[in-house]
Amino acid sequence: MQPHYLPAEIEQQARKYWEESRAFKAVETPGKPKYYCLSMFPYPSGKLHMGHVRNYTIGDVLARFHRMQGYNVLQPMGWDAFGLPAENAAMQNNVPPAAWTYQNIDYMRGQLKSLGLAIDWDRELATCKPDYYKWEQWLFTKLFEKGMVYKKTAPVNWDPVDQTVLANEQVIDGRGWRSGALVEKRDIPMYFMRITAYADELLRELDNLPGWPEQVKTMQRNWIGKSEGVEIHFPYAGSAEVLKVFTTRPDTLMGVTYVAVAAEHPLALDSAEGNPRLAAFIEECKKGGVAEADLATQEKKGMATGHFVLHPITGEKVPVWVANYVLMGYGEGAVMAVPAHDERDFEFAKKFGLPIRQAIEAGELKEARNAIASGNYSEKGLAQLEKVLSDFKFTSDRWQVWYGEKNGVCVHSGKYDGLNYEQARDAIAADLKTKGLGDKQVHYRLRDWGISRQRYWGCPIPIIHCKTCGDVPVPEQDLPVVLPEDVKIDGTGSPLKKMPEWYRTACPDCGGEATRETDTMDTFVESSWYYARYASHDCATAMLDQRARYWLPVDQYIGGIEHAILHLLYARFFHKLMRDVGLFGGEAISPTLSQEERGQSSSSSGFNEPFANLLTQGMVLKDGAKMSKSKGNTVDPQALIERYGADTARLFMMFAAPPEQSLEWSDAGVEGAFRFLKRLWKAVADHLEKGAVAAFRGGHLSGELKALRFQLHQTIQKVTDDYGRRHTFNTAIAAVMELMNALGKLDDASPAARGVAQEVLEAAVLLLSPIVPHICHALWGELNPGTSLLDAGWPKADPAALVQDEIELVVQVNGKLRGSISAPKDAGRVAIEKIALNNDQVQKHIGGQTVKKVVVVPGRLVNIVI
RNA sequence: GCGAAAGUGGCGGAAUUGGUAGACGCACUGGAUUUAGGUUCCAGCGCCUUGCGGCGUGCGAGUUCGAGUCUCGCCUUUCGCACCA
């Protein structure tokens, strides 16, 4: 055996073996449990970054671990190939986006291959290829026919100098990134997907995803934002029309002192006619971009419309204001304002001198009054409590807390006085319903998904505009609508608009003159269904075929936490769309893993959810900041692989932090990983130098060898759990390192010792192989010539090796560690207590004081309380 | 502004169900090997203290025989906010 670890050589040999034996080709095998392991596909930006290396290593570790456990594993790879950066690069380098993208894909594919990933490359796909996006267009036309796609206007960022629509990312401090011009909101017609129709299912099904992180499910729940409230109609003074608002706090209705509408609200626009100051203000509100984070943090501005509505209960006149903090896209674009109990309304009312009327008081006050009535509380105490609470009023969080938590009671609210939240809500909703001025309503924060993009490098929206027939979907036989690839990008809008030879066409319905839609789809659309297409990657007759029913759902999905909401919600939505279009046929035909087999799994039946288990990976940082070109703190994976090999890169990434946490880059840590692999290689080489030997199969062992076998089989158990259930690869590696350290201390050349050493080394190589597959492939071949590691299977712990006669217990006195004792493994509480009390160290610390209590935690510790 | 997380030695992290805080690795220090550097190997390594011992998981309270872990309140950092992907 070669005495030195030569990564370049052994990694090339290992990859050659895997390729030639077609080791990772995934074949549908009914009856065999399948494991579909998917990492989020990369955007082909040019070259891999460390985040990719981390993501794909995590996926590969899980794929290889499950393969060794006997699963039929599918791990595919592809390219999220449409997107804005290609257009920017095209302008910079004067190369068409398509050419730039394909070039990047070729380079990055080579990089991925050098990582030694267990991928079935036959299933590779790129979303910019017509045979992929054809089916996206097909689904779009089906959804258009079902009414799940519709058209409406919506605001976008408009750069008035470049005369172009800007992405939020291209708006810096309210200005266009290239022109520097102040950005404006502009309404344009767009196609929308009716994701709100699935809001309730998307919310409910989260409960059937035990394999998803709670954090992600919570974020999605909040994003969907189901709230039960009341729609309230404020009649216009002297008109039959009403102004609709939605509120989750109908109990505060009697505290309303004004109503605020968005600048784009019809009432605002109406009022602006003949009111130049208001018109100017509305114009002012159009300035700036559409990003919500900016809208929510901007200074609160407003202006009275001069119009009034009537309070639906009291009939009192309530002024209507235009406010920039009210968003047209939410609910009705109008809110009832209760300055006494809402921080934003309060701030606004103070700024513009609007009245503040209390309608709720703290639950504590009601309790105090009840206590006075029953003689348990003094009038003086109440007065003090009132003063304390009034001091908090409007100045501290105290006031907001009991508003926010809905635990106050109504005051100054006429007939509703004394009612709590639920009582007031029900009473007010009932009264409004009687008057025909409102009712209870369920409202979602989630908005429909605008998918039109005024860009070139994307999937063409398959719609033909005909003067007589309107918007006509492209018929199936005419799909795909192919995006021309040889174009020039000049930054003045989509080149498609300048290609009459492309957009001029005939109407599929009437045959008359018509034009193609030149907008393309949001790239989130492509990434919402690629996971399903991998199963049917080469199907030319349909979007999906029977194979999708074998592989889906994805058993393990891995990707960055930044996708927790948008991508993952859109993909869940698309899964349900595909299901409802009938693409999955009936029930699953694949033998879905049992819960025990999988650890965590989806309890949802059939094809309701795309991803049974989700692992959200943390970021790769250097010097405490995200690695990025702009910060200039990137480390090139290529250089790392060339210097140390892929195994060192993989080992460092898996060892430095658990996958869900952020990972701090460390050059010294990489050295450490490399050193460990050298030690591992040397350990096997030194062992084999003394001659080949079979692994221990039973027989008498010294205490030292027994202890080593105990540690070995404990390590097998721990590592199996760390990979399969906990996904903490860092602790799995640490456990194998400890095992190797223990083996290194063994100074015994007896045949029994050599057998145990062989057993330890074989197991260590198998346990590490999902993380460092190349070196383990080579070492296994040395330990067991003529066999392949991939055929060896996952090691199993030997129960006989795990039997122990004595166990160690820690003894505390008053919670402080004072010593340790050894007790027979089946000793009872009383026996353990006796051993602990007889311990010299313990006696010293008790020092004659009375023992009040002894707590015995079996297998762990004894705590003596004095 | 809203939503979600995170905070433990000089550093990355471990402590899985409330039960020995600091596993494993890095850095550092001392020693061995080496012409030297590097490599490799051995030992030490939270802070304070001569010692006994005390203190210690962002800060402040609380629950408990026992809190890094649970509760409440703060501080700081990170992610997302619908046209970056």
Side-chain angles (χ1 to χ4, degrees), chain A residues 40 42-43 45 80 82-85 156-157 165-171 190 195 213-216 218-223 225 289-298 325 329 343-344 397 445-455 522-524 527 560-567 569-570 616 618-619 621 624-626 652 655-658 660-673 675-676 678-679 682 718 721-722 725-726 728 730-731 733-738 741 744 808-812 814-817 820 852-855 857 859-865:
Chain A
M40 289 179 187
Y43 176 77
S45 56
D80 188 14
F82 278 136
L84 197 49
V156 294
N157 302 308
V165 176
L166 298 178
N168 283 338
E169 187 193 48
Q170 298 171 314
V171 179
M190 304 206 308
I195 190 171
E214 269 321 308
Q215 169 196 1
V216 174
T218 304
M219 282 194 271
Q220 291 216 350
R221 280 189 195 105
N222 292 337
W223 184 262
V290 296
E292 197 196 307
D294 297 334
L295 294 171
T297 48
Q298 70 191 353
Y325 72 88
E343 224 167 341
R344 285 188 314 179
D397 292 341
R445 206 187 74 99
L446 183 69
R447 311 194 298 253
D448 277 338
W449 176 13
I451 56 155
S452 294
R453 296 292 179 270
Q454 298 67 46
R455 293 184 220 299
D522 182 359
T523 57
F524 271 125
S527 56
I561 182 69
E562 66 272 19
H563 296 292
I565 297 174
L566 290 179
H567 162 61
L569 190 65
Y570 291 145
T616 49
M619 283 187 309
L621 311 177
K626 181 178 180 171
F652 168 71
F655 183 58
E660 309 214 272
Q661 277 179 39
S662 61
L663 182 153
E664 184 69 37
W665 185 264
S666 157
D667 290 328
V670 175
E671 280 285 352
R675 209 147 44 207
F676 173 72
K678 281 197 285 190
R679 277 202 300 271
K682 192 165 178 295
K718 179 182 169 46
D721 188 45
D722 283 352
R725 180 181 63 90
R726 301 213 305 153
T728 51
N730 56 331
T731 54
I733 295 163
V736 179
M737 284 175 167
E738 284 182 82
N741 290 344
E808 293 284 312
L809 289 163
V810 162
V811 186
Q812 299 178 332
N814 279 356
K816 289 200 194 315
L817 179 65
S820 69
K852 280 164 66 181
K853 187 176 175 184
V854 179
V855 181
V857 182
R860 289 214 179 250
L861 59 67
V862 182
N863 189 15
I864 297 160
V865 186

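Just so it is clear, the structure is predicted and the values come from calculations on it, not from any experiment. Chain letters run A, B, ... following the sequence lines, proteins first and then strands; every chain starts at 1. Reckoned from all heavy atoms, side chains included, excluding hydrogens, waters and symmetry mates.
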Next on the checklist: On the side chain of Asn863(A), is there an atom forming a donor-acceptor pair with the base of C65(B) - under 3.5 Å, no angle test?
Outcome noted: yes
Next on the checklist: Rounded to whole Å, how long is the line connecting atom CZ of Phe82(A) with atom P of C83(B)?
Outcome noted: 18 Å
Item to check | Value in whole Å for how far the C1' atom of A4(B) lies from CG of Leu566(A) | outcome: 14 Å
Next on the checklist: I'd like to know if Gln170(A) reaches the base of C83(B) with its side chain, counting only an N/O donor and acceptor under 3.5 Å.
Outcome noted: no
Next on the checklist: Once you apply a heavy-atom cut-off of 4.0 Å, does Gly624(A) come out as touching a base, just sugar-phosphate, or nothing?
Outcome noted: nothing
Checklist entry - What is the distance, rounded to the nearest whole Å, between atom NZ of Lys853(A) and atom P of G19(B)? => result 16 Å
Checklist outcome for this item: note: Asn741(A), atom CG; A43(B), atom P; distance rounded to Å ~ 10 Å
Checklist entry - Has Arg445(A) got more than 12 heavy atoms of other residues, nucleotides or ligands less than 6.0 Å from its CZ? => result yes
Next on the checklist: Considering every strand and a 4.0 Å limit on heavy-atom distances, what is the contact class for Tyr325(A): base, sugar-phosphate, or nothing?
Outcome noted: nothing
Checklist entry - Looking for any heavy atom pair under 4.0 Å, which part of the strands does Thr297(A) touch: base, sugar-phosphate only, or nothing? => result base
Checklist entry - In whole angstroms, how far is the C1' atom of U40(B) from the CZ atom of Arg675(A)? => result 10 Å
Checklist entry - Nearest of C79(B), C65(B), A82(B) to any side-chain atom of Ile561(A)? => result C79(B)
Checklist entry - With sugar-phosphate meaning primed atoms plus P, OP1 and OP2, does Met40(A) contact a base, only sugar-phosphate, or nothing at under 4.0 Å between heavy atoms? => result nothing
Checklist outcome for this item: Using Watson-Crick geometry (N1-N3 plus N6-O4 or O6-N4) or G-U wobble (N1-O2, O6-N3), each under 3.5 Å, C11(B) is paired with G25(B)
Item to check | Atom-to-atom span, CD1 of Ile565(A) to P of C2(B) - whole angstrom | outcome: 16 Å
Checklist outcome for this item: If pairing means Watson-Crick or G-U wobble with both distances under 3.5 Å, then the partner of A4(B) is U78(B)
Checklist entry - Of the nucleotides C24(B), G19(B), C84(B), which has the atom closest to the Met737(A) side chain? => result C24(B)
Next on the checklist: Need one value for Gln812(A): base, sugar-phosphate or nothing, where a base atom within 4.0 Å counts as base even if backbone is also close, heavy atoms only.
Outcome noted: base
Checklist entry - Across all strands, who's sitting opposite C55(B) as a Watson-Crick or G-U wobble pair, both distances under 3.5 Å? => result G46(B)
Checklist entry - What is the base-pairing partner of U17(B), counting Watson-Crick and G-U wobble geometry with both distances under 3.5 Å? => result none
Checklist entry - Tell me: CG of Leu295(A) to P of G1(B), nearest whole Å? => result 15 Å
Next on the checklist: Can you tell me whether the base of G25(B) sits syn or anti, using the 90° cut around 0 to define syn?
Outcome noted: anti
Next on the checklist: Could you tell me how far apart Trp223(A) (CH2) and C81(B) (P) are, to the nearest whole angstrom?
Outcome noted: 7 Å
Checklist entry - His567(A) near the nucleic acid: base, sugar-phosphate alone, or nothing, with a heavy-atom cut-off under 4.0 Å? => result nothing
Checklist outcome for this item: In B/S/- notation (B base, S sugar-phosphate only, - none; protein heavy atoms under 4.0 Å), nucleotides 12-18 of chain B written 5' to 3' is SSSSB--
Next on the checklist: Applying a 4.0 Å non-hydrogen cut-off, can you work out what Arg445(A) is touching in the nucleic acid: base, sugar-phosphate, or nothing?
Outcome noted: base
